[in-house]
Asker: 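Let me give you the structure first, and then I'll get to my questions.
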Amino acid sequence: MTRREMAVYNKHHGCNCAQSVLMAFEDKMDIPAEKLKALGSGFAAGMGNMNATCGALIGAVMAAGMMNESGVPTTVLSKQMSEAFSESCGAMRCRDLKGIDTGRLLCSCDDCIRHAVEMLENVG
């Protein structure tokens, strides 16, 4: 299973968008799966309250910060990823936030997760 397929699988089996992206890269981070899920859960809840940023992008930026060995500051990397993400995917805002705390998907589109994973595959 590719990382993109793993992220989509995670999303359809109980993970939110941020968690789905993080969990697809679990093998590259020195953090246990349950802690990654907790981190993704906290940031996704904040995203839901702010209604401002796509959860997949939040997960990607978090993972990039943890995996980054290039020496590029995380803030710079985050801005670059945000710009690249907005060019490849229009889902910069989660509009259907009713899934929070219900176990339902926050959004039905898997493209945002695929784009986030694709970006992360290019992070050193």
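Just so we're clear, the structure is a prediction, and the values are computed from it rather than from any experiment.
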Asker: Do the non-hydrogen side-chain atoms of Glu121 and Phe25 ever get within less than 4.5 Å of each other?
Answerer: yes
Asker: Can you list the residues that meet the side chain to side chain contact (heavy atoms under 4.5 Å, CB included) rule with Lys79, with sequence neighbours excluded?
Answerer: Glu83
Asker: Contact between Leu36 and Gln19 at the side-chain level, heavy atoms closer than 4.5 Å - yes or no?
Answerer: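 With C-beta onward as the side chain, the pair stays apart.
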Asker: When rounded to the nearest 0.5 angstrom, what is the spacing between NZ in Lys35 and CG in Asp30?
Answerer: 11.5 Å
Asker: As an exercise, state the distance from CG of Leu39 to CE of Met29, rounded to the nearest 0.5 Å.
Answerer: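 Answer for the CG-CE pair, Leu39 versus Met29, is 9.5 Å.
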Asker: Roughly how far apart are Leu57 CG and Met119 CE, rounded to 0.5 Å?
Answerer: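 So the CG of Leu57 and the CE of Met119 are separated by 5.5 Å.
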Asker: With clusters defined by side-chain heavy atoms of hydrophobic residues (ILVMFWY) lying less than 4.5 Å apart, directly or transitively, does Met81 cluster with Val76?
Answerer: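 They do share one cluster, since a chain of ILVMFWY contacts under 4.5 Å joins Val76 to Met81.
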Asker: May I ask you to test the Leu120-Lys28 pair for a side-chain heavy-atom distance under 4.5 Å?
Answerer: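 In short, these two side chains do not touch, never coming nearer than 4.5 Å.
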Asker: Indicate the atoms forming the closest heavy-atom contact of Val117 with Arg3, along with that distance.
Answerer: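 Here Val117 and Arg3 meet closest at CG1-CB, 3.6 Å.
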Asker: When you look at Lys37 and Leu22, which way does the side-chain contact (heavy atoms from CB on, under 4.5 Å) test go after all the steps?
Answerer: CA-CA 8 Å; Lys37 282 184 83 171; Leu22 284 168; over 6 Å; no
Asker: Are side-chain heavy atoms of Arg4 and Ile113 found at a separation under 4.5 Å?
Answerer: no
Asker: When rounded to the nearest 0.5 angstrom, what is the spacing between OG in Ser20 and CG in Asn10?
Answerer: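 Rounded to the nearest 0.5 Å, the OG-CG separation comes out at 5.0 Å.
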Asker: Just wondering, do Met62 and Val21 contact through their side chains at under 4.5 Å, heavy atoms?
Answerer: no
Asker: Starting from the C-alpha separation in whole Å, work towards a yes-or-no answer on side-chain contact (heavy atoms from CB on, under 4.5 Å) for Arg114 and Glu118.
Answerer: CA-CA 6 Å; Arg114 289 188 191 105; Glu118 189 175 300; over 6 Å; no
Asker: Taking the side chain as every heavy atom from C-beta outward, state whether Met6 and Met23 have any pair of such atoms under 4.5 Å apart.
Answerer: no
Asker: Taking atom CG of Asp27 as the centre, does the number of heavy atoms from other residues, nucleotides or ligands within less than 6.0 Å exceed 12?
Answerer: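 Counting neighbours around CG of Asp27, more than 12 heavy atoms of other residues, nucleotides or ligands fall under 6.0 Å, so yes.
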